[in-house]
Participant: 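Just dropping this structure here.
Sequence lines set the chain letters: A, B, ... in the order given, protein chains first and strands last, and positions in each chain run from 1.
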Amino acid sequence: MWANFLEQLINGITLGSIYGLIAIGYTMVFGIIGMVNFAHGDLFMLSAFIALILFLALAQLVGLSSIYVAMFIVLLVAMLITSLWNWSIERLAYRPLRGSFRLAPLISAIGMSIFLANFAQVAQGPQVKPLPPMFNEMILLPVGDGGLMIAYKKFVIVAVTVILLTGFWYLVQKTPLGRAQRAVEQDRRMAALLGIDVDRTVSITFIMGAALAAVAGTLYLVYYGVVSFSDGFIPGVKAFTAAVLGGIGSIPGAVLGGLLIGLIETLWAAYVSNDYKNVAAFSVLIVVLIFMPSGLLGKPEVEKV
Amino acid sequence: MQDAKRARGATPLTQKPSQEELSRLTRALRDATLVGLVTAGLCFPMIALRAEADMTNHLVLLQRWEWLIGAAIAMFAFRFAASMLNTGLGRTLAVIGIALLLFVAGHGYFTAFPSTTTTVFCLIAGVVALIAAVAIDRVDFDGAGERVSIKPPQGTGTVIAIFALAAALAFPLVMNNWLGPQGSLKWINNYGIQILIFVMLGWGLNIVVGLAGLLDLGYVAFYAVGCYAYALLATKFGLSFWICLPLAGILAAFWGILLGFPVLRLRGDYLAIVTLAFGEIINIVLTNWVDLTNGEAGISSIPRVTFFGIPFTAGDDGFAARFGLEFSPIHRTIFLFYLILILALITNYITLRLRRLPVGRAWEALREDEIACRSLGINTTNVKLTAFALGAMFGGFAGAFFAVRQGFVNPNSFTFIESASILAIVVLGGMGSQIGVALAAAVMVGGTEALRELDFLKTLFGGQFDPNQYRMLIFGFAMVLMMIWKPRGLISTRTPSIFLKQRKAIAGDLVKEGHG
């Protein structure tokens, strides 16, 4: 009983770290330019594809045998290329619409989301792509009678998330880059007056969000072992839910929200109904927005006349 | 912006290239190289390598570096041409010329050349287009680049509307006479009825988004409610379409109110996300509640539409025999066409009338300023709820029509893409503009349907080329381009419903989009 619960808890945290990583991208972009970047979920899917191809390329074309080195290289290159994608998307589809009316960037983002999903389908084919299992050794935890077997990859996922989030936290809190980013988020015009290049800062925000989405994509691929072109939408909406739950605009909130959504979904699937696990996540979104629109760690919004 | 570039770049033909011109060349080269490199970077894993499953279901990589190089060269050339040329016409010609030359080059690389004539023609046309682009660019049209804004005279909208209506009324009969029952079926069904369904959905959503300013991303949920309402009532209780149609509308409106009550406190984007979540929940429930909806397998053998009780069958009491016509399945299609046309027109009529009533004026006032509305004693909850309920009701009508037309429904027809398409139609048409929405529906739905007809590309790109899979890719990209080109929609002027002394059109920029 307890062993089972613990297992579900670990599953939830694993899934939650992936959602949290995606949610940061939503929350940062919303914080800085006030738009819901609808294409972010599909960017995450694209990064999973990029990671898949890089894994295969390292194994088949380069002949690398160490899984740890491969993982490191894949993470690095996938972050780079996904960042390049998001940078280009921002330049092409969002920047011309900044200062336009509120719905325009949203529609543009929805168009981009459809484009990205279909781009992956056209470029890589509509079939589900399975990868040979990685980090699949089991670890025995001394819980209950007989212990509990947990796949090694879950620990890898949580460890990678923790390490990267620490680095990211340092970047945002302690470097000039992060200071500029937070300044633009607070007051774009004032930041510009003080000599901060707003366009560049927004670009960097998109790049940071994409890099974390790429980590999430790689970990998602390691966790599930498959990826298909339609995998972006649902995790995207759930990650947005996480961002809202934590309080949109707040980076710790996004991580916290991600963990909570991961736990709610896993526990719901384990103890209530697997078919309706997505309904649980979406209901959380609706309930939070209605009763607590500023989320757990967000600042309440004041409407000015 | 256009003028500034012209001033920087235009030099007379006789003058030698100045220092500025040279530095412009280097700048353009640097810029284009950057774009080429970025393209190569973007394409590197996704296009240059393709993971394919082999016989044992293991993934192997196929290498396609030539595509990456081609894409990078193409983007380099386009960017270079765009930064060296000053006029829009010159740029367009240059893009056409480069595309033609690349087409020849690509064809030479991948397959044999299609035929000498085609190759030579494309080569010559490409070179001519490039030369023309440069030549046109060097000619300084005196002030021709100045944009003259054309203001259509008052009443243009009415004239267009009358012509469009006449064209729509004549469309199936003309097509039937011209192409015969076999040939016209595709046109009436795939283009006519499909476009009209989306016109109706667009007009329904226009009440919510365009008039009341509430951003709804889950509109497809109401469409689904109407559709399943008819499908279930007809198959389980044997009710006829004409009884189910109002029931479907009422049920959808009921769901609209049910959703509306809790969420109407939310602002813009939040409301959008909640409605999106609601749409997804409806879809998941339809998929998983197998006892009621039969899940993914869907509900089949839904009773088809009848001519007010007379079925469209070949028998003696069928429509054709009663009216002394030769039996043809096209009769049903034509009837369906007029049915959806009438339903859409009813939607339009009701919307136009409601806009003049207090409730319609309250919608528009709410869109402009919610706080002012509340201060003036307008019950914003009721106003929002009526907008939601009415929009949902028309969605429900359209859903019932969809079920009777298809004869089969399953949850796959009600995905987020549908909601996004309907919202895109409303925004693209120019929010609040009825003609604009109809126009946008014709462009978007007709356009995506027309993309099915890309078979001629097979002759250009070889037999294994499947144009159909590029349909949604182009659709998504077109949405982005349309937003950049005309963020305020195709019809970007509005005529206010109420005015003080003189009715006059105002720019769309002056119309707010509401706070949700």
Participant: Under a 4.5 Å heavy-atom cut-off, does chain B meet the side chain of Ser113(A), its backbone, both or neither?
Facilitator: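 No part of Ser113(A) comes within 4.5 Å of chain B.
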Participant: First locate atom CD of Gln121(A), then atom CG of Leu473(B), and finally report the distance between them rounded to the nearest 0.5 Å.
Facilitator: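 One gets 9.0 Å once the value is rounded to the nearest 0.5 Å.
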Participant: Select one option (side chain, backbone, both, neither) describing which atoms of Val237(A) are under 4.5 Å from chain B's heavy atoms.
Facilitator: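 Looking at Val237(A), just its side chain touches chain B.
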Participant: Chain A heavy atoms under 4.5 Å from Trp485(B): which part of the residue, side chain, backbone, both or neither?
Facilitator: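 Neither part, no heavy atoms under 4.5 Å.
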Participant: Answer with side chain, backbone, both or neither: which region of Ala281(A) has an atom nearer than 4.5 Å to a non-hydrogen atom of chain B?
Facilitator: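 Contact with chain B is absent: no heavy atom of Ala281(A) under 4.5 Å.
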Participant: Is there side-chain contact between Phe233(A) and Glu280(B), with at least one heavy-atom pair below 4.5 Å?
Facilitator: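 They are in side-chain contact.
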Participant: Suppose the criterion is ring pair (Phe, Tyr, Trp, His ring centres under 6.0 Å): which pairs have a residue in residues 37-56 of chain A, not counting sequence neighbours?
Facilitator: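 Output for this query lists Tyr26(A)-His40(A), Phe38(A)-Phe416(B), Phe44(A)-Tyr220(A).
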Participant: If you count heavy-atom pairs within less than 4.5 Å of chain A, which of Met479(B), Arg50(B), Gln63(B) leads?
Facilitator: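 Among the listed options, the one with the most contacts to chain A is Arg50(B).
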Participant: Where does Leu61(A) contact chain B at under 4.5 Å (heavy atoms): side chain, backbone, both or neither?
Facilitator: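 Interface part for Leu61(A): side chain.
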Participant: Side chain, backbone, both or neither: which part of Val38(B) has a non-hydrogen atom closer than 4.5 Å to chain A?
Facilitator: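 The answer is both parts of Val38(B).
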Participant: Name the one of Leu106(A), Ile110(A), Ile107(A) that satisfies side chain to side chain contact (heavy atoms under 4.5 Å, CB included) with Met483(B)?
Facilitator: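 Output: one option passes, namely Ile107(A).
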Participant: So Leu276(B) and Phe240(A), side-chain contact (heavy atoms from CB on, under 4.5 Å) or not? Walk me through it.
Facilitator: CA-CA 12 Å; Leu276(B) 181 150; Phe240(A) 183 78; over 6 Å; no
Participant: Within this structure, what is the CZ-CD1 distance for the pair Phe282(A) and Ile284(B), rounded to the nearest 0.5 Å?
Facilitator: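 Reported to 0.5 Å precision, the distance equals 5.0 Å.
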Participant: CD1 of Ile114(A) to CD1 of Ile417(B): how many Å apart, nearest 0.5 Å?
Facilitator: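 Here the interatomic distance stands at 4.0 Å.
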Participant: When only pairs under 4.5 Å are counted, which of Val480(B), Leu428(B), Ile47(B), Leu59(B) shares the most heavy-atom pairs with chain A?
Facilitator: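 Of Val480(B), Leu428(B), Ile47(B), Leu59(B), Leu59(B) has the most heavy-atom pairs under 4.5 Å with chain A.
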Participant: Given a strict heavy-atom distance threshold of 4.5 Å, which part of Ala117(A) is in contact with chain B: side chain, backbone, both, or neither?
Facilitator: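 It is neither, since no heavy atom gets under 4.5 Å.
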Participant: Side chain, backbone, both or neither: which part of Tyr94(A) has a heavy atom under 4.5 Å from chain B?
Facilitator: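 Tyr94(A) has no heavy atom closer than 4.5 Å to chain B.
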Participant: Identify the heavy atoms of Ala51(B) and Lys129(A) that sit nearest to each other, and give their distance.
Facilitator: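 Answer, listing the atom of Ala51(B) first, then Lys129(A): O-NZ, 2.6 Å.
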Participant: What part of Leu481(B) gets closer than 4.5 Å to chain A, counting heavy atoms only: side chain, backbone, both or neither?
Facilitator: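 Neither; nothing under 4.5 Å.
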Participant: Starting at OH of Tyr276(A), measure out to OG1 of Thr287(B) and round the result to the nearest 0.5 Å.
Facilitator: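 OG1 of Thr287(B) is found 8.5 Å from OH of Tyr276(A).
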Participant: Given that the side chain runs from C-beta out, which part of Ala53(B) has a heavy atom under 4.5 Å from chain A: side chain, backbone, both or neither?
Facilitator: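 For Ala53(B), no heavy atom lies under 4.5 Å from chain A.
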Participant: For chain A, find which of Thr275(B), Asn288(B), Val274(B) contributes the most heavy-atom pairs closer than 4.5 angstrom.
Facilitator: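 Winner by heavy-atom pair count: Asn288(B).
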Participant: Nearest 0.5 angstrom please: Asn118(A) CG to Phe477(B) CZ, how far?
Facilitator: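 Nearest 0.5 Å value for the CG-CZ distance: 13.0 Å.
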Participant: Quick one: what part of Gln60(A) sits under 4.5 Å from any heavy atom of chain B, side chain, backbone, both or neither?
Facilitator: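 Side chain only.
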Participant: Given a strict heavy-atom distance threshold of 4.5 Å, which part of Pro96(A) is in contact with chain B: side chain, backbone, both, or neither?
Facilitator: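 Contact with chain B: side chain only.
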Participant: Does Phe44(B) form a side-chain contact (heavy atoms from CB on, under 4.5 Å) with Leu54(A)? I'd like the steps, not just the answer.
Facilitator: CA-CA 10 Å; Phe44(B) 153 58; Leu54(A) 289 172; 4.1 Å; yes
Participant: Checking heavy atoms, do the side chain of Ile234(A), its backbone, both or neither come under 4.5 Å from chain B?
Facilitator: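 For Ile234(A), the side chain is the part near chain B, not the backbone.
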Participant: Name the region of Leu62(B), side chain, backbone, both or neither, that has any atom closer than 4.5 Å to a heavy atom of chain A.
Facilitator: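 Neither the backbone nor the side chain of Leu62(B) comes within 4.5 Å of chain A.
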Participant: With rounding to the nearest 0.5 Å, note down the distance linking CD1 in Ile273(B) to CD1 in Ile286(A).
Facilitator: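 So the gap between those two atoms works out to 11.0 Å.
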